[in-house]
Amino acid sequence: MPPQTTQPREGAVSLSRPPRVRRHAQRRGPGVRVGRGGGREDALPCHAPPHPPPRRPPPAPSPAASSPALCPSDEPPAGTLRFRSQVAGFLRLYFRVPLSAQNVVVLPTRATAVENILRLYMPALALVDASLTRHLPSAWLSAAPPDGPPSDGATHAQGTPVVLEAPRRSDLLLKLLRSLRPAVLIVALADYEMRSPTALHLLLAAATDTHTRVFFDISDHLELSSVPPSNGVLQFLAEQPLPPHAGVICGLVRNQVYSDLEVAFLLTESRPLLAWLAGMGELTYFRVARMKQLYYGCLLDELLSFQIPDRHTVAERPLQDEPSSSPFISIDANAAHAFNHPTLRTLSLTHALPSPSPASTAVTSSSSSSAAAGSSRGVGAADTVRMDVGSGALPAPSVVQPLVVEGFVRQHLSEAETDPRAEILQLLHRDLGVHPEGTTVVTGDGSRALFVRLMAACAAQGGTAVFPSGSYGTCLAVARLCGCQVKVVPVTTAETSFTLTADELEAALSGVTRPWLVLSAPVVNPTGALYSPAHLAALLGVCMRVGARVILDCAFHSLCFHARPRLLLEPFLGRKEGEGELEGEGEKEQREKPHEHYALVLMGDLSPQLSTLGILFAYVAFWDSSFKEALSTAVPPHRTLRFAVKRMLSNEVAPQLADETDVRREQLKHRADQLCQVLSTCGWDPIRPEGGIFLVARPTAYEGKQLTYQPPSTNGDQEAQPVTVTLNSVTISEALFSTTGLMINNSDWTSIPGYCRFVLLLDDHRFNLALHHLHKFHKLVLGG
């Protein structure tokens, strides 16, 4: 039977296509609402309802608005609770699927979902639908299965996984399952097989026999409509639970107004898989841009308003745990190693690992757990202050919102209007002394999505990722996830703010195979220290001599508290002979010929400067063609965001953005001074930062003191028993949170012995509350 496409019935309200706007919708006023299309009649991405529904939710604010609710510092990597609840509500009311927000993990795209699943398990053999392999690393793709007889499905890859294209016909899939016994199957069924759950039943039964984890992609078959077409996968979910070894992927890809504005979600009833996917999100994309969740949240609110609440009440199903002796493939050793890093223990991932590590004293970082813990120890959720997460909680610059709105309003943007690379090159030339000739720029949804590809390239080349101690902890976890060898250079001198010296670097690189130095400079994350131009030049000079590749993270360069140093990185770009003539103050600069393996990558991120999670935009610039393959699968930001960034960096708008950034720098500097003063008064020894959004301090007066407190409950309503601890730079984080509600990163997180990290990026109320908590803890322990 040829494939058929099911169309919505006549009169259905479809929110993925732009029909004519009803007259009452035109009377809503001239204001433009982000996520609802443009201001013209043909620009709205949704059909207005025939009558305004009662109790319509208020319009969602734009992603660049200044409300702290739009850029919370405690947003989980699985997506906002509101958007996950909207997705679950839509499935429950329209398909009678008894799932809740806890069954939903939000991802940037379905391509991200597929890649994260494969990185999580690293199967020796996986079958993936042809439409989902486009953004996978080319080294994974194969035209034939690996040599040798088929083994049990639960087999990890020795190196890189082998991915074969899967057909869409269920009969062919069943034959391949039984003959190849893949560890993972990611399939998108044909249209005619999606009308009933029959094919799903057969595939799940076969996958159980072959010990194959199976994921069904329904992206092409789910339409946001008031009368959605039948869906066999969702019909199965409405009738019976999904096995723990199965999941459902859905990318919202049928948007006919903003075709590349995609957000995806994954449904599962497996508790460990939900935890693992949240951990993968923290490592590979950090957070899903709030703008995407707001946009589709508006559409889901419209659809939910068509249904009478609680009209079709269905009982939610509890999550399932996998048995310890499960025959299905477990997570890869590299993923387990990454999840055990202190930066991820705060996501409560270790309870789901096959071989859990010793219990950690870290505090759960999800907002729901924080609230529960607060109530169990007498500290309410209103008292909780997150100084452990460096995401945006301050108003974005005023130029951001109108440019984002303009990008949504304008439906027909040319390629030239949405390509910000020329402006990025101009920025690099102005701030870093880089000539644009021969420079390749790649953009992405946040720096984490680009960094994971660079670390994958490091692992593929047999390289060793080198980090100075005190580097951003999640970067080390990403390197371990990708299978890199990791070397940490100990930096122990507090007098130099724990910056790396050229001698320390040269000694550390001696004997290291294909080193890749990851350096946050000129402003160091998380200490806030500042590398001078001469200091940075000395470090790059060492790398040029020994042939170390360098990933230079300049994300916080715009947030120097004092005059920004004018860097001249051109001599260190590793250009080949004859590329780009250098002129410096009227004289040609002489460059030292670099080692053949040397190369430099510059990473930039606008999110710290814009102070919002509503939009995520990062870029990398490089001059070695070997990086093109590694970054070729990076998903670019949505075109409306590229348009907004291009305008922000243009000569017309950039001066205003620079002025507002100056104000933000002064605000952060004032906060750093305030916090250093309070910390010093309360028995800490802070290192005064020179820029950025963090500082580190040592709890000198508390070291060796005994404290008894009631820790957060980790077992539901059962209260934890009081504990007595000896305070130090590790145990003080839980003690501080349990007694006051202030959350910080301990020295395990910072990898700087004795020093904890504090985040400055809080709204005024929360920052002042944090200072109050520090005084409260000082009085509790030291009686001050």
Side-chain angles (χ1 to χ4, degrees), residues 337-338 340-346 350 357-363 387-388 390 465-477 479-480 486-505 507-509 512 517-521 523-531 535 539 672 675-676 679-680 682-690 692 694-707 725-737 742-759 774 777-778 781-782:
H337 194 191
N340 269 323
H341 193 274
T343 60
L344 288 181
R345 290 196 198 127
T346 56
T350 51
S357 61
S360 170
T361 58
V363 181
M387 295 191 87
D388 64 321
V466 180
F467 298 86
S469 62
S471 297
Y472 195 70
T474 309
C475 293
L476 278 77
R480 290 169 178 167
V486 175
K487 180 180 179 62
V488 177
V489 183
V491 182
T492 58
T493 308
E495 290 75 13
T496 60
S497 300
F498 299 105
T499 53
L500 181 65
T501 67
D503 292 338
E504 290 172 330
L505 177 61
L509 296 181
V512 177
L517 175 65
V518 181
L519 187 65
S520 177
V523 177
V524 181
N525 175 9
T527 62
L530 183 66
Y531 284 103
H535 191 166
L539 296 176
L675 183 56
C676 285
L679 287 170
S680 298
C682 294
W684 297 70
D685 285 334
I687 296 179
R688 192 171 297 274
E690 299 291 333
F694 315 103
L695 65 80
V696 295
R698 180 170 186 165
T700 308
Y702 300 91
E703 293 174 346
K705 302 293 184 182
Q706 297 285 322
L707 179 65
V725 299
T726 301
L727 294 178
N728 54 40
S729 60
V730 175
T731 60
I732 197 170
S733 59
E734 182 175 332
L736 186 60
F737 173 60
L742 177 60
M743 302 181 71
I744 63 173
N745 301 119
N746 62 22
S747 59
D748 273 352
W749 193 102
T750 64
S751 73
I752 304 176
Y755 283 80
C756 303
R757 185 187 79 151
F758 297 78
V759 177
L774 288 171
F777 188 72
H778 176 252
V781 179
L782 303 178

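Start at 1 with the first residue, then count along the sequence. Predicted model, so just to flag it, every value in this text is computed and none were measured.
Heavy-atom minimum distance, C682 versus H778: O-CD2, 3.3 Å. Between W749 and G473, the shortest heavy-atom contact is CH2-N, 4.0 Å. Looking at every heavy atom in both residues, P686 comes nearest to C676 through CG-O, 3.7 Å. The minimum heavy-atom distance between A508 and K487, with the atom names listed, is O-CE, 3.0 Å.
The shortest side-chain heavy-atom distance between L774 and M387 does not fall under the 4.5 Å cut-off. The shortest side-chain heavy-atom distance between F467 and C475 falls under the 4.5 Å cut-off. Looking at L782 and K705, their side chains come closer than 4.5 Å, going by heavy atoms from C-beta outward. Contact check for V466 versus V518: no side-chain heavy atoms found under the 4.5 Å cut-off.
With values rounded to the nearest 0.5 angstrom, C756 atom SG is found 8.5 Å from N745 atom CG. Expressed to the nearest 0.5 Å, how far CG of L707 lies from OG1 of T731 amounts to 9.0 Å. Atom-to-atom distance recorded for D388:CG and I744:CD1 is 9.0 Å, nearest 0.5 angstrom. For the atom pair CG of N728 and OG of S733, the computed distance is 9.0 Å after rounding to the nearest 0.5 Å. With rounding to the nearest 0.5 Å, the separation of OG in S497 from CD in E690 is 7.0 Å. Rounded to the nearest 0.5 angstrom, L476 CG and T343 OG1 are separated by 8.0 Å.
Listed by chain and number, the residues in a side chain to side chain donor-acceptor pair (under 3.5 Å) with E495 amount to none (sequence neighbours excluded). Not counting sequence neighbours, the partners of V523 by the side-chain contact (heavy atoms from CB on, under 4.5 Å) test are L530, F556, C560. Every residue meeting the side-chain contact (heavy atoms from CB on, under 4.5 Å) condition with T496, not counting sequence neighbours, appears here in chain and number order: T493, T499. Qualifying ring-ring contact (aromatic ring centres under 6.0 Å, His included) partners for Y702, counting only residues two or more places apart in sequence or in other chains: W684, F777. Partners of T700 under the side-chain contact (heavy atoms from CB on, under 4.5 Å) rule, at least two apart in sequence or in another chain, are D685, R698. Among residues two or more places apart in sequence or in another chain, the side chain to side chain donor-acceptor pair (under 3.5 Å) test is passed with T501 by E504. T726 meets the side chain to side chain donor-acceptor pair (under 3.5 Å) test with Q706; sequence neighbours excluded. By the ring-ring contact (aromatic ring centres under 6.0 Å, His included) test, Y531 pairs with H535, sequence neighbours left out. Legend: residues meeting side-chain contact (heavy atoms from CB on, under 4.5 Å) with T527, ordered by chain and number and at least two apart, are V524, A529, V696, I752. With sequence neighbours excluded, the residues forming a side chain to side chain donor-acceptor pair (under 3.5 Å) with S729 are S747, listed by chain and number.
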Legend entry - V486/R480 under side-chain contact (heavy atoms from CB on, under 4.5 Å): CA gap, chis, key distance, verdict: CA-CA 7 Å; V486 175; R480 290 169 178 167; 4.0 Å; yes
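Less than 6.0 angstrom separates the ring centroid of Y755 from the ring centroid of F498.
For the pair N746 (side chain) and V730 (backbone), a donor-acceptor distance under 3.5 Å is present. A donor-acceptor pair is defined here as one N or O able to donate and one able to accept, closer than 3.5 Å; no such pair exists between the side chain of R757 and the backbone of L695. No donor-acceptor distance shorter than 3.5 angstrom exists from the side chain of D748 to the backbone of S751, with no hydrogens or angles considered.
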